[in-house]
Amino acid sequence: VEASIPEPQREAWKRNQITSFTDKDGFEKEVVRHVETTLARSMFNCDEIAAYSATSLAFRDRLITHWNRTQQRQTYRDTKRVYYLSLEFLMGRALDNAMLNVGLKNVAQDGLAELGFRIEDVVKQEHDAALGNGGLGRLAACFLDSLATLNFPAWGYGLRYRYGIFKQEIIDGYQVEVPDYWLDFNPWEFPRHDVTVDIQFFGQVNKKTVGGKTISVWEAGEIVQAVAYDVPIPGYDTPTTNNLRLWSSKASGGEFDFQKFNSGDYESSVADQQRAETISAVLYPNDNLERGKELRLKQQYFWVAASLYDIVRRFKKSRRSWNEFPDQVAIQLNDTHPTLAIVELQRILVDIEGLEWDNAWEIVTSTFGYTNHTVLPEALEKWPVGLVQHLLPRHLQIIYDINLFFLQSVEKAFPDDRDMLRRVSIIEESQPKMVRMAFLAIVGSHKVNGVAELHSDLIKTTIFKDFVEIYGPDKFTNVTNGITPRRWLHQANPRLSELIASKCGGNDFLKDLTLLNQLEKHVEDKQFRKEWAEIKYANKVRLAKHIKDTTGVVVNPASLFDVQVKRIHEYKRQQLNIFGVIHRYLSLKAMTPDQRKKQLPRVSIFGGKAAPGYWMAKQIIHLINSVGAVVNKDEDIGDLLKVIFLEDYNVSKAEMICPASDISEHISTAGTEASGTSNMKFVLNGGLIIGTCDGANIEITREIGESNIFLFGNLSEDVEDLRHAHTYGSHTIDSDLDKVFNEIEKGTFGTPHDFSAMIAAVRQHGDYYLVSDDFHSYIETHQLVDEAYRNQDEWIAKCITSVSRMGFFTSDRCINEYAEEIWNVEPLAVDRHSIWGP
Ligand code: H53
C-alpha cells in the first residue's frame with residue numbers, strides 16, 4: 001500500500017496519521033470537541049440528544065479511518081470481492097453495535113458517566129435505521145456484520161429510502177401508519193456527492209452499425225441521477241470495516257433544469273426534480289407480497305444499474321480482461337428484487353463493451369448467485385411485459401433473447417416434453433404476458449439456494465422442479481439462515497453474554513459460536529442456574545416496565561411470558577395464537593376460584609406490523625387488541641391472563657423483547673415459513689419455543705434436541721391433501737375452536753361483524769392455513785408448556801442446554817458456507833501491526 005505514495009509525501013502523511021482514542025480521557029475529549037465544534041453547542045446546552053450525537057461522531061470518526069484503511073487494503077490486494085444486492089437492510093441502531101464491535105463500550109460508558117450521562121439513555125436517542133420489512137432485510141444486516149467480522153472484502157448495495165418502514169400506532173385497537181422520517185440527523189452515513197451515476201429510463205432502442213457490426217443503442221427518454229451514500233460496517237474485534245453503499249435519487253443536471261427554469265417553466269422544473277427524488281423516497285411496506293407497481297420496478301432498476309456501474313468501474317481499474325470478471329466479482333441476489341442485474345450486466349458486456357453474446361453470458365452466469373426466500377405464490381415477482389417494454393425497452397429485448405436461447409437448449413434436451421417449454425419459459429403466456437423473475441434469476445445464476453433445509457428441498461420439488469431436471473441437482477443448494485450473536489446476544493442481553501463468557505473461557509464464543517457447547521457441563525451447577533434465572537427475570541422486569549409505560553397494563557414478571565413478534569401474516573398464524581388465547585380465557589372463566597388458584601399466570605405478548613393494504617392482517621391486530629381490552633380488566637382473571645399488543649415492533653424493540661421471553665411462537669402452517677430467524681434469536685437468549693415442523697424450526701430441533709422444544713401440528717407433506725379435503729370433502733371444524741368462534745360471534749370481544757371474515761376464512765373458505773386442523777394439537781402442546789414451566793429447575797436446564805447447542809445458527813457459519821460453495825472468495829488477512837495502524 002505504502003509504495004503507492006511517493007517517498008516525500010509519504011513521510012508527511014505518516015507523521016500526521018489520525019490516531020483514534022483508546023481510553024476514557026481521549027473519548028471525552030472527542031465528545032467535547034464534537035459538542036462544541038461540530039454541533040456548535042456548549043456544555044451548558046448539552047442534552048441527551050447532543051450527547052448521543054457527539055458520541056456517535058466520535059465513534060464514526062474512528063470507524064471511517066478503519067474504513068479507509070480497509071478499502072485501501074482491499075484495493076491494493078485486488079482479490080475477489082462479494083457484492084450483496086438487497087433492496088432491504090434492516091440495520092436498527094448503529095451506536096451500541098459500533099461501541100461493542102470496536103471493544104470500547106466500557107470506555108464510552110465511563111466517559112459519558114463523567115460527563116453526566118447514562119449510556120443506556122444516550123443509546124436510546126438513536127432512531128432505528130429501518131430500511132426493511134422483516135426477516136429478509138434483517139438477514140441482510142446480519143450478513144453484513146458477519147462479512148466484516150470474518151474479514152471478507154464485501155460490499156452491500158441498497159437504496160437510501162427517505163422513509164423506512166412506517167411507524168405503527170395503535171389507535172382504538174387498529175393499526176395506523178405514520179411516516180418514518182429518519183434522516184434528520186444521521187451521523188452514520190457519508191454522502192459521496194462525487195460518486196454519481198446517470199440512470200436512464202424509457203426511450204427507444206436503435207440499431208447502429210459500427211465497424212461492420214450491428215449494435216443496439218438505447219436512447220433514454222429520461223435520466224435520473226444516483227448519488228452514493230456510504231455506511232461503514234464495523235466487524236467485531238477486527239479492524240475490518242466494510243461498506244454499505246446506498247443510492248439516493250436526484251434529478252440529473254443538478255437542482256433544476258436551468259433551461260426550463262430560465263424559460264419561465266419553473267413549476268415543471270421542480271416537478272421533474274420531485275419525480276426523480278420519488279424513486280428512493282419510500283420503502284414498499286410489504287413483506288412476502290409483491291404488488292407489481294411501476295415505481296417499484298423503477299426502484300429496482302435504478303438501484304441495480306447504479307450498483308453494477310460502480311462494480312464494473314471498480315473492476316475496470318484493475319485492467320484485467322473481461323473473462324476474469326467472475327474471478328474478481330461475486331454478486332449475490334437477495335431474492336428476485338435485483339434480478340435485472342443479470343440483464344443489465346449482459347447489456348453492458350454486449351452493447352457497451354462489445355463482447356459476443358455467448359462470451360458475455362458465460363461471464364454473467366458465473367458471476368451471479370440467487371437466494372430464494374419464499375415459496376408463497378403471492379410473493380413471487382412477475383412483471384407485465386408491457387411495463388418492462390415501456391420502462392426498459394432494451395432490457396426486454398435481452399430478456400427475450402435469454403429466454404430464446406434457454407428454451408432452445410431445453411427443447412434439445414427434452415424433445416418429447418412440449419409442455420416443459422411452456423412451464424419453464426421466463427415469459428408466462430398469460431393475459432397480460434408476464435416476466436417470471438425467479439426463472440430469470442435461476443437461468444442467469446450459477447447457484448440457487450434456499451434458506452433452510454426443508455425450504456431448499458421444497459423449492460426443488462415444487463416451484464423449481466423442472467429446473468432441477470434441466471440443470472441437474474448441483475445447481476441447487478441450501479444455506480440455512482443464521483443471526484449475528486454480536487447484536488442478538490452480546491448487545492441485546494449483556495448480562496447473559498457475560499455469564500456465558502464466564503463459563504466459556506471469555507468472549508471468544510462471540511466469534512466461534514460452537515464454543516457455547518462448553519455451557520453444557522455446567523447445566524447441573526445450582527449457582528449457575530440461579531444466576532441464569534435471575535437474568536431472565538431482570539429482562540422480564542424491564543419488558544414489564546415497557547409494557548406498563550406504553551400500554552398502561554401492569555403485568556407480573558413472574559408469569560410465563562409467551563411472545564409472538566413478527567410481521568402479521570395469515571401464514572404466520574397470529575390468528576391461531578389469539579384463538580388459543582380466547583380458548584384459555586374461556587377455560588379460566590369456567591373454573592371455580594379454587595381451580596383458578598392452581599393455574600399458571602401467563603402474559604400473551606404480540607407485536608408486528610401489517611402491510612398497510614393487507615386488510616385481513618389488520619383485522620387480526622384488531623382482534624388481539626379487542627381480546628386484550630376484555631381480558632385485561634376481567635377481575636375473575638387478574639394475573640392469570642394478560643393479552644398485550646406491543647406497538648411498533650422493530651429491531652431495537654426486538655433487542656429488548658427477545659431476552660425477556662419464556663416461550664415464543666413460531667407457528668406457521670408447515671411448509672410456508674422459508675426459515676424464520678427470530679426463532680434462533682429467542683433460543684439463543686434462553687427462551688424455549690413452541691413451533692410447527694417448518695423452516696429452521698426443524699434444524700433447531702435437530703440441534704437442541706426434541707425434548708427442548710414444543711412441536712405440534714400437521715407436517716408439510718400432508719398440507720396439500722388436507723387443503724384438498726377442505727375444499728372437496730366435508731370440512732368439520734375442531735369443536736374447541738368452534739366454541740371460540742361462537743364466543744366471538746356472541747359479541748364478547750366487540751362487534752362480531754368486525755371478525756366475521758377471519759372466522760369465515762376457516763369455516764367457509766377452505767381454511768387454507770389449516771388453523772382448525774392444528775388447533776387441538778396447539779392447545780394440548782400449550783398445556784405441556786404450562787406443566788413444564790411449573791418445574792422451574794428443569795425449565796432452566798432446558799434453556800441452558802438449548803443455548804449450549806445453538807452454535808450452528810450464527811450468521812458467521814452462513815457466510816462461510818456462501819463463501820465456499822457459492823462465491824469462491826477468501827477473507828483478507830489483517831495485519832494489526834502495520835505502520836499504517838490496523
Ligand atoms: O426471509 C427470511 C426468512 C423468512 C422469510 C423472509 C422473507 C421476507 O422477509 C420477505 C420476502 C421473502 O420472500 C421472504 O419469510 O422465512 O427467514 C430470511 O430468509
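Counting starts at 1 for both ligands and their atoms, in listed order.
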Is there a nitrogen or oxygen of [X] sitting under 3.5 Å from a nitrogen or oxygen of ligand 1?
X: Ala379; answer: no
X: Ala674; answer: yes
X: Lys572; answer: no

Do side-chain atoms of [X] reach the backbone of [Y] as a donor and acceptor pair under 3.5 angstrom?
X: Ser661; Y: Ile657; value: no
X: Asp718; Y: Ser716; value: no
X: Asn449; Y: Ser456; value: no
X: Asp767; Y: Ser772; value: yes

Please round to the nearest 0.5 Å and tell me the distance separating atom CD1 of Ile427 and atom CG of Asn403.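 Here the interatomic distance stands at 5.5 Å.
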Tell me the protein heavy atom at minimum distance from [atom], and give that distance in Å.
atom: atom 13 (O) of ligand 1; result: Asp335 OD2, 2.9 Å
atom: atom 19 (O) of ligand 1; result: His373 ND1, 2.6 Å
atom: atom 3 (C) of ligand 1; result: Gly676 N, 3.7 Å
atom: atom 6 (C) of ligand 1; result: Leu136 N, 3.9 Å
atom: atom 16 (O) of ligand 1; result: Glu673 OE1, 2.6 Å
atom: atom 18 (C) of ligand 1; result: Asn481 OD1, 3.3 Å
atom: atom 7 (C) of ligand 1; result: Asn288 ND2, 3.5 Å

If you look at every heavy atom in Gln299 and Leu159, which pair is closest and at what distance?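 Scanning both residues completely, I find the closest heavy atoms to be CB-CD1, 3.8 Å.
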Heavy-atom side-chain proximity of Glu428 to Val385 below 4.5 angstrom: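 Of all side-chain heavy-atom pairs linking Val385 with Glu428, none is under 4.5 Å.
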Answer yes or no on whether Arg162 is positioned over the face of Tyr181, meaning its NZ or CZ is under 6.0 Å from the six-membered ring centre and within 45° of the axis.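 Negative - Arg162 is either too far from the ring of Tyr181 or too far off its axis.
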Which atoms of ligand 1 sit under 4.0 Å from any heavy atom of [X]?
X: Asp287; result: 8 (C), 9 (O), 10 (C)
X: Tyr571; result: 15 (O)
X: Thr374; result: 13 (O)

Check each of Arg567, Gln175, Lys609, Glu570 against Tyr614 using the side-chain hydrogen bond (donor to acceptor under 3.5 Å, both in side chains) test, and report the only one that passes.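 Of Arg567, Gln175, Lys609, Glu570, side-chain hydrogen bond (donor to acceptor under 3.5 Å, both in side chains) with Tyr614 is met by Glu570 alone.
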